[in-house]
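Inspection log for the structure reproduced underneath, given as structure tokens.
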Amino acid sequence: MTYVALLLLVIIGVLIVKKIAGCLFKAIVTMILIVVAFAIWYFFFREGAVPPTL
């Protein structure tokens, strides 16, 4: 009986870690995209540069 409870605990722990890691990965990617967008705005538009036209 103890082994079954331990096995269930390990499986539940792995599932929780997967969900947390997935959410953490999404948060990190979102933060990187925000930083890149801010850097583009700062270096190109704030300095008075005109965006290239096609």
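Given the structure is predicted, the values throughout are model-derived calculations rather than measurements.
Residues passing the side-chain contact (heavy atoms from CB on, under 4.5 Å) test with I28, sequence neighbours excluded: L24, I32. For I16, the side-chain contact (heavy atoms from CB on, under 4.5 Å) partners two or more places apart in sequence, or in a different chain, are I12, I20.
Here V35 is tied to no hydrophobic group at all, with no ILVMFWY side chain closer than 4.5 Å.
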